[in-house]
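Down below is the structure, laid out as structure tokens.
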Amino acid sequence: MQRMSGGVCFVLGCAILAAAAEVNQDWLKRVPAQERVRVNPYRGQADAVAAGARLYADRCARCHGDDLTGRNGKPSLRTPVVAGATDGELFWLLRNGDLRHGMPSWSGLPEPERWQILAYVRSAGRAPGEAEAQQKTR
């Protein structure tokens, strides 16, 4: 049996961790039905997206990265899970957090500011090339 080099093991370990983070959708199961249907009142509004970008940079980027692709083991916000979640589900996560996975509650942040952050996250979309790669696998 052939042994793998340390570099190959590291790459495989990173891939497994990334897959595990993508699979972790426990928080979605806890979102009440009435929260799931909420719609962002600022969605697509340029002023709200700009305000959300500033708030994101101040409050979220240290964990989720300047480009929303994750940092220091924290998840990317450019994933199919985030893209497929409703505005209400994401808003619920911002308000309640998921402490088991290191996500704090942002309930102290005024509601309009939380919606602005979500407007920004939605505007940023998926990582470059991700949508094209997903289309090829279908």
What is the distance from atom CH2 of Trp27 to atom CE of Met103, rounded to the nearest 0.5 Å?
9.0 Å
Can you sort out the partners of Pro104 under side chain to side chain contact (heavy atoms under 4.5 Å, CB included), two or more places apart, ordered by chain and number?
Trp106
Residue pair Leu118, Phe91: steps toward the side-chain contact (heavy atoms from CB on, under 4.5 Å) verdict:
CA-CA 7 Å; Leu118 291 178; Phe91 187 80; 3.7 Å; yes
Could you go through the side-chain contact (heavy atoms from CB on, under 4.5 Å) check for Tyr120 and Leu68 one step at a time?
CA-CA 10 Å; Tyr120 168 69; Leu68 289 87; 3.4 Å; yes
Cut-off 3.5 Å, no hydrogens considered: what does the side-chain donor-acceptor table look like for residues 52-63, sequence neighbours left out?
residue	atom	partner	partner atom	Å
Arg54	NH1	Ala50	O	3.4
Tyr56	OH	His64	O	3.3
Tyr56	OH	Gly65	O	2.6

Value for CG (Asn40) from CD (Gln116), rounded to nearest 0.5 Å, stands at 9.0 Å
Side chains of Leu109 and Ile117: closer than 4.5 Å at any heavy-atom pair?
yes
Sequence neighbours excluded, the answer for salt bridge (Lys or Arg N to Asp or Glu O under 4.0 Å) partners of Asp66 is Arg71
Taking only residues two or more places apart in sequence or in another chain, which ones pass side-chain hydrogen bond (donor to acceptor under 3.5 Å, both in side chains) with Asp87?
Arg43, Arg122
Residues in side-chain hydrogen bond (donor to acceptor under 3.5 Å, both in side chains) contact with Ser123, at least two apart in sequence or another chain
none
Output side-chain donor-acceptor pairs under 3.5 Å for residues 30-38, partner residues at least two apart or in another chain, one line each.
residue	atom	partner	partner atom	Å
Arg30	NH2	Asp98	OD1	3.3
Glu35	OE1	Arg95	NH2	3.2
Arg36	NE	Val31	O	3.2
Arg36	NH1	Leu28	O	3.4
Arg36	NH1	Glu89	OE2	2.4
Arg36	NH2	Leu28	O	2.5
Arg36	NH2	Val31	O	3.1
Arg38	NH2	Glu111	OE2	3.0

